[in-house]
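A short worksheet on the structure shown next.
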Amino acid sequence: MTVRTRFAPSPTGFLHIGGARTALYCWLEARRRGGAFVLRIEDTDRERSTDAAVKAILDAMAWLGLNADEGPVYQTERLGRYKEVAERLLAEGKAYYAYESKEEIEAMREAAMAKGEKPRYNGYYRDRNEPYRDDPNRVIRFKNPLEGAVVFEDKVKGRVEWANAELDDLVIFRSDGWPTYNFAVVVDDIDMGITEVIRGDDHVNNTPRQINIYHALGAPVPEFAHLPMILDKEGKKLSKRTNSVSVMEYREDGFLPHALLNYLVRLGWSHGDQEIFSVEEMIRLFDVADVNKAASRFDTEKLAWLNQQYLKSDDPQALAPEFAWHLARAGIDASHGPAPADVIVALRDRVHTLKEMAERAKIWYSPIVEWDEKAVAKHLKNETAAAVLGEARALLAGCEWKPEAIHQAVEQIAAKLALGMGKIAQPLRVAMTGTQVSPSIDHTVYLAGREEALKRLDDALARAAA
RNA sequence: GCUCCCUUCGUCUAGUGGCCUAGGACACCGCCCUCUCAAGGCGGGAACACGAGUUCGAGUCUCGUAGGGAGCGCCA
C-alpha cells in the first residue's frame with residue numbers, strides 16, 4: 001500500500017513554526033516513501049476559521065516549498081459525508097442522541113472533579129432508547145467501549161495503552177449541526193486513505209478515542225506518530241507575545257526557506273553528526289520513527305548560523321530574488337546601483353540574514369548621509385590620507401572596473417607610498433561608506449560604481465582638507 | 001484532582017549493556033590569520049535529574065522519587 005500522509009491545519013491564524021515542522025515531516029515521509037502528501041483544511045469551527053488564515057497558510061507552505069500532492073480539501077465541503085457516517089453509526093446502535101444542555105454537562109464535570117474523578121459524561125442517554133426529539137440541545141454521542149483497553153504503537157512515543165474506562169462518550173455531532181474534530185478527522189482520514197497520521201503530541205490523548213471510532217466504522221487503523229512540542233528559548237510554550245512564531249515572520253526577518261527547513265528537521269531528529277541537509281538529503285534520510293520523544297527549544301542563534309551557511313554556499317544568482325524582496329522592503333530602489341548578486345557576494349560572510357544584508361547594502365544604493373565623525377578624524381584627517389585618496393582618485397579613474405583590478409590598484413598605492421594596507425584601506429573605506437566597517441575594500445569600491453566612487457573620493461578629499 | 005507522555009553540556013543532539021576518560025554542532029572564552037567587520041583554522045570550559053535494583057559491567061534495562069509537559073470541550 002502506498003503511503004499517504006496529511007497535514008491538517010485549522011485556519012484560525014498564520015502557519016506557525018510547530019505546524020511548519022509537522023508539515024515538513026509529513027511531506028518528507030511521503031516523499032521518501034514515494035507516497036502522497038495531502039493538505040486538508042479543518043475549518044469546522046465556524047466561529048474562528050477565516051479565509052485570510054487559509055491564504056496565509058497556503059502562502060507560507062508555498063514559500064517553504066512544501067507542495068501538497070492533493071488538496072486542499074475543506075471539511076466544510078464535506079458536511080453531507082459526516083452526516084451520512086453519523087447516521088450509519090446511529091443506525092448500527094454505535095452512537096446515540098443525547099439532550100443535556102451545556103450547563104448540565106458542566107455541572108456533571110464539576111461533580112466528578114469534586115469526587116476526585118476525571119470529568120466525564122455519565123452516559124445518561126446511552127442505553128435509554130428514547131424516541132428522537134427535536135431539541136436545541138440535541139447532540140450525537142459515540143458509544144465508546146466500556147471495557148478493555150486501546151493499545152497502539154506510536155512511531156515516536158512507542159507503545160501507548162489506554163483503558164476504555166478512562167474514556168467517555170464523546171460528542172461527534174454538535175447541536176449546531178457540525179461534526180466535532182475527533183469525528184471529522186477519522187472520517188476524513190479514512191476517506192482520504194491516510195496511512196500515517198503525523199501530528200503534534202497534544203493529540204496523543206485523542207488517539208484512543210479516534211481508534212475506537214475506526215473500529216466502530218470497521219476501517220483499518222492508520223499508523224500514528226506524535227511529535228513533541230517546540231518550546232521557546234526559556235522552555236515555555238511558544239507564544240506570539242514573546243516570540244516569532246509565524247513562518248512568514250521568519251521570512252521577514254531575513255531567513256531562507258531551506259535554512260528554516262534545515263533547522264526544523266534537526267529539531268528533534270538527527271542523522272549522526274550531520275548538521276547541514278539539502279532538501280534531497282532530508283528526503284532520503286529522514287524517518288519519522290527516528291524522531292526524539294522529548295520537546296525541544298527553538299534556538300534562533302543556531303537558525304541564524306545555519307542561515308549564514310546557506311548564504312555562503314548558495315549560488316548568489318539563486319539568492320538574488322529573495323534578496324531583492326528584502327531590498328524593496330528596506331525601501332531601497334535597486335533599479336540603479338550594483339547587481340544584487342554582487343552585493344550578496346560582498347556581504348554574505350558578514351551577516352546572518354537577508355534583512356541585515358539589505359540594511360548594510362544601503363550604502364551602495366544611495367549617497368552617504370551620515371558620517372562617523374570618529375572615523376573621519378582618525379582615517380581622513382591624518383598626514384597620509386590625502387595622498388592615499390589622491391592616488392586612488394587617479395588610479396580608479398582609469399582601471400578596469402572589477403574587484404580584482406581594484407585590488408591591484410590598491411596594492412599599487414601601498415607600494416608607491418610605502419604604506420601598509422591598513423593605512424590605505426581605512427581612509428578609502430571611510431571615503432566609500434562614511435564608516436570604518438565594510439566588506440573588503442576592493443568590493444566596497446567596486447559596488448559603488450566608478451562614477452559614484454570617484455565622487456565619494458572627492459567628497460572625502462574635501463573633508464580631509466577641512 | 002485524574003489519565004497519558006517526557007528527562008545526556010546553556011541549547012540542538014550522538015549514544016540501542018563493554019568501542020564513553022560520554023562524541024558533534026550552536027552559543028561562549030582564548031589563540032592564529034587579517035585592510036575594518038566578518039568568515040575561516042586551532043584550542044578551552046561545559047551534561048548522563050535523583051535513588052534503588054538487574055548485571056561481571058548501566059547514559060543505555062526495571063522500579064520508585066523529583067521536575068516538566070499534554071489532555072480531561074457541543075476547539076482543533
Side-chain angles (χ1 to χ4, degrees), chain A residues 8-12 42-45 47-49 75 98 100-102 105-106 109 112-121 137-141 154 157-158 160-163 165-168 170-182 184-185 199-208 226 228-229 231 233 235-237 263 266-276 292-306 308 312 347-352 360 375 379 410 414 420-430 433 435-442 444:
Chain A
S10 67
T12 53
E42 309 217 323
D43 52 356
T44 52
D45 183 345
E47 303 277 301
R48 301 195 299 148
S49 299
Q75 289 191 322
E100 286 89 352
S101 67
K102 291 180 184 176
I105 296 295
E106 184 53 36
R109 261 196 278 279
M113 287 279 260
K115 282 196 291 180
E117 287 168 7
K118 213 167 169 173
R120 301 171 14 173
Y121 174 63
N137 288 328
R138 187 200 62 243
V139 298
I140 301 174
R141 285 186 182 267
D154 192 279
K157 301 281 179 191
V160 177
E161 190 170 343
W162 216 286
E166 292 295 330
L167 273 20
D168 64 357
L170 69 155
V171 171
I172 59 175
F173 248 87
R174 303 195 287 241
S175 54
D176 68 1
W178 285 91
T180 59
Y181 165 76
N182 279 305
V185 240
R199 76 230 303 195
D201 71 3
D202 46 334
H203 291 281
V204 227
N205 304 279
N206 288 324
T207 307
H226 288 99
M229 305 202 80
L231 275 14
K233 194 154 179 121
K236 304 276 183 202
K237 202 169 170 175
Y263 181 74
R266 274 289 282 104
L267 200 58
W269 173 84
S270 63
H271 178 71
D273 288 338
Q274 190 171 343
E275 297 288 351
I276 310 279
N292 282 154
K293 296 177 176 187
S296 42
R297 303 181 187 205
F298 195 91
D299 180 7
T300 311
E301 287 185 326
K302 186 155 184 180
L303 204 212
W305 172 79
L306 258 177
Q308 188 186 44
K312 292 199 306 179
L347 286 171
R348 61 178 169 182
D349 283 345
R350 298 171 165 77
V351 298
H352 289 98
R360 298 235 203 153
H379 299 294
V410 172
M421 278 300 272
K423 284 285 180 193
I424 311 295
Q426 283 308 81
L428 283 176
R429 191 170 338 262
V430 178
T433 68
T435 72
Q436 32 190 341
V437 177
S438 85
S440 62
I441 195 61
D442 45 5
T444 302

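Naming: A, B, ... by sequence-line order, numbering from 1 per chain.
Rounded to a whole angstrom, the distance from the C1' atom of B/U65 to that of B/G30 is 42 Å. Distance noted for atom C1' between B/C20 and B/U62: 22 Å (whole Å). Nucleotides B/C26 and B/C33 are separated by 23 Å at their C1' atoms, to the nearest Å. B/G43 and B/U36 have their P atoms separated by 25 Å, with the value rounded to a whole Å. Between B/G59 and B/U21, the two P atoms lie 9 Å apart (nearest whole Å). When the C1' atom is used for both B/C50 and B/U8, the distance is 14 Å, rounded to whole Å. Taking atom P on both B/A46 and B/C9, the two are 14 Å apart, rounded to the nearest angstrom. When the P atom is used for both B/G24 and B/C42, the distance is 12 Å, rounded to whole Å.
By the 4.0 Å N-to-carboxylate-O rule, A/Lys302 lies close enough to A/Glu275 to be salt-bridged with it.
Proximity of A/Lys293 to the phosphate of B/C6: a side-chain N or O atom is located under 4.0 Å from OP1 or OP2.
Here the CD atom belonging to A/Glu100 is positioned 12.0 Å from the OG atom belonging to A/Ser175, to the nearest 0.5 angstrom. A distance of 8.5 Å separates NZ in A/Lys102 from CG in A/Asn137, rounded to the nearest 0.5 Å. Atom CG of residue A/Leu303 and atom CZ of residue A/Arg266 lie 12.5 Å apart, to the nearest 0.5 angstrom. Here NZ of A/Lys118 is found 8.5 Å from CG of A/Asp168. Values are rounded to the nearest 0.5 Å.
When all heavy atoms of A/Arg141 and A/Ile105 are compared, the closest pair comes out as NH2-CD1, 3.3 Å.
Here the side chain of A/Asp154 pairs a donor or acceptor atom with the backbone of A/His226 at under 3.5 angstrom.
As judged by a 4.0 angstrom heavy-atom cut-off over every strand, A/Leu267 is placed among residues touching the sugar-phosphate backbone only. Within the nucleic acid shown, A/Pro439 comes within 4.0 Å of at least one base atom, counting heavy atoms only. Looking at heavy-atom distances under 4.0 Å, A/Ser438 makes contact with a base. Using a 4.0 Å heavy-atom criterion, one finds that A/Lys312 contacts the sugar-phosphate atoms exclusively. Using a 4.0 Å heavy-atom distance criterion, A/Gln274 is classed as making no nucleic acid contact.
The nucleotide whose nearest atom lies closest to any side-chain atom of A/Ser270 is, among B/U3, B/A14, B/U11, B/A14. Comparing B/U7, B/C4, B/C2 against the side chain of A/Glu166 picks out B/C2 as the nearest.
Taking atom CG of A/Asp349 as the reference point, atom P of B/U34 lies 17 Å away to the nearest angstrom. Summarising the geometry, the separation between CG on A/Asn292 and P on B/U8 is reported as 9 Å, rounded to the nearest angstrom. In this structure, A/Ile424 atom CD1 and B/U36 atom P are separated by 13 Å, rounded to whole Å. We find that CD1 of A/Ile276 is positioned 16 Å from P of B/U13, with the value rounded to whole Å. A/Asp442 has its CG atom 13 Å from the P atom of B/U36, to the nearest Å. Atom-to-atom, CZ of A/Arg360 to P of B/U36 comes out at 15 Å; the value is rounded to the nearest Å. If you measure from atom CZ of A/Arg297 to atom C1' of B/U7, you get 12 Å, rounded to the nearest angstrom.
The nucleotide B/G1 finds its pairing partner in B/C72, both defining distances of the Watson-Crick or G-U wobble pair being shorter than 3.5 Å. In this structure, B/A39 makes no Watson-Crick or G-U wobble pair, since no nucleotide meets both defining distances under 3.5 angstrom. Figure legend. B/C28 is base-paired to B/G44; pairs are counted as Watson-Crick or G-U wobble with both atom distances under 3.5 Å. In a base pair of the Watson-Crick type (N1 to N3 plus N6-O4 or O6-N4) or a G-U wobble (N1-O2 and O6-N3), with each distance short of 3.5 Å, B/A52 is matched with B/U62.
The 5' end of RNA chain B is approached more closely, in terms of each residue's nearest nucleotide, by A/Ala295 than by the other of A/Ala295 and A/Ser440. Toward the 5' end of RNA chain B, the nearer of the two residues A/Ala294 and A/Gln436, judged by each one's closest nucleotide, is A/Ala294.
There is no side-chain donor-acceptor pair under 3.5 Å between A/Arg429 and A/His379. Between the side chains of A/Ser438 and A/Thr444, at least one donor-acceptor pair of N or O atoms lies under 3.5 Å. Using modelled atom types, one finds no donor on one side chain facing an acceptor on the other under 3.5 Å when comparing A/Asn182 with A/Thr180.
The environment of NZ in A/Lys423 is sparse: at most 12 heavy-atom neighbours from other residues, nucleotides or ligands sit within 6.0 Å.
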Completion exercise
With B for base contact, S for sugar-phosphate-only contact and - for none (protein heavy atoms under 4.0 Å), nucleotides 22-28 of chain B reads -BBBSS-
Completion exercise
Going 5' to 3' through nucleotides 63-76 of chain B and flagging B where a protein heavy-atom sits under 4.0 Å of the base, S where only the sugar-phosphate is that close, and - otherwise, we get -------BBBSBBB
Problem - Reading 5' to 3' through nucleotides 41-46 of chain B, protein heavy-atom contacts under 4.0 Å coded B for base, S for sugar-phosphate only, - for none - result: ------
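Residues that satisfy the ring pair (Phe, Tyr, Trp, His ring centres under 6.0 Å) test with A/His203, not counting sequence neighbours, are A/Tyr181. For the salt bridge (charged side-chain N to carboxylate O under 4.0 Å, His left out) test, residues two or more places apart in sequence or in another chain that qualify with A/Asp299 are A/Lys233. With sequence neighbours excluded, the residues forming a salt bridge (charged side-chain N to carboxylate O under 4.0 Å, His left out) with A/Arg138 are A/Asp134, listed by chain and number.
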